[in-house]
Amino acid sequence: MRVLIGVDGSEAGEQALRYGLDLARRLGADTTVLHVLEEPPISSYTALVTGLSVDAARERVRALGLETIARAEERAREAGVTVEVKLLDGLPADVLLGEGAKSDLIVVGTHGYRGMDRVLLGSVAETLVRRSSVPVLVVR
């Protein structure tokens, strides 16, 4: 069995990581932890908010992504699960769908946005549930 766990550095992502690692350990599953860098919207937004250049913001976003997967790798080690970690560029739902097609299960968190936040921010988890060819476990 192969489990793909999507992480984004948020508390929802941390919950998904904990649950996914526990499940992977119990199942003896091959496990991949994936963080997706959404380019260029995140870097452009980060540049706008922080006053950094787009290139500096892009590097900051990449550094945060590397920190996220390093923490995930440490959590996996603590849980006794060997993981492959990946940091990929693209639209999170699309990348997770592509990588998830190689897995038996995708585990992701949800922020639980509603109303206008949901409309403005969209939902990676919802897209995965609607479009994935493999089961998706959404952790709240």
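Note that these values count all heavy atoms, side chains included, but never hydrogens, waters or copies made by symmetry. Counting from 1, the numbers follow the sequence of the chain as shown. Nothing here was measured: the structure is a model prediction, and the numbers come from that model.
The shortest distance between side-chain heavy atoms of R62 and L37 falls below 4.5 Å. For the pair S132/L97, a side-chain contact is recorded, criterion being any heavy-atom separation below 4.5 Å from C-beta on. Contact annotation: the side chain of V95 approaches that of L34 to within less than 4.5 Å [non-hydrogen atoms, C-beta and beyond]. The side-chain heavy atoms of R131 and D94, taken from C-beta on, include a pair separated by under 4.5 Å. I106 has its side chain out of reach of L137: every pair of non-hydrogen atoms, C-beta onward, lies at least 4.5 Å apart. When side chains are defined from C-beta on, V134 does not count as touching L105, because their heavy atoms never get closer than 4.5 Å. Side-chain contact between V107 and L4: absent, with no pair of heavy atoms (C-beta onward) separated by less than 4.5 Å. Counting only heavy atoms from C-beta outward, the side chains of V108 and L128 approach each other to under 4.5 Å.
In this structure, NE2 in H35 is found 6.0 Å from CG in L87, a value given to the nearest 0.5 Å. Atoms OG1 and CG, on T68 and L17 in that order, are 10.5 Å from each other to the nearest 0.5 Å. In this structure, the separation between CD on E78 and CD on E73 is 11.5 Å, given to the nearest 0.5 Å. With rounding to the nearest 0.5 Å, the separation of CD in E38 from CG in L88 is 13.5 Å.
The backbone N or O of A125 sits nowhere less than 3.5 Å from a side-chain atom of T127 that would complete a donor-acceptor pair.
When all heavy atoms are compared, the tightest approach of A16 to G6 is CB-O, 4.4 Å. In this structure, V33 and A72 approach most closely via the heavy-atom pair CG1-CB, 3.6 Å.
Residues L91 and L64 fall into different hydrophobic clusters, defined by Ile, Leu, Val, Met, Phe, Trp and Tyr side chains chained together at heavy-atom separations under 4.5 Å.
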Take L21 and R75 through the side-chain contact (heavy atoms from CB on, under 4.5 Å) test and state the conclusion after the steps.
CA-CA 8 Å; L21 290 174; R75 300 272 191 296; 4.0 Å; yes

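Remark: E84 does not engage K102 in a salt bridge, criterion side-chain N to carboxylate O under 4.0 Å. Between D22 and R18 there is no salt bridge, since none of the side-chain N atoms of the basic residue sits less than 4.0 Å from a carboxylate O of the acidic one.
For the side chain to side chain donor-acceptor pair (under 3.5 Å) with T32, the lone residue among K86, R2, E99 that qualifies is R2.
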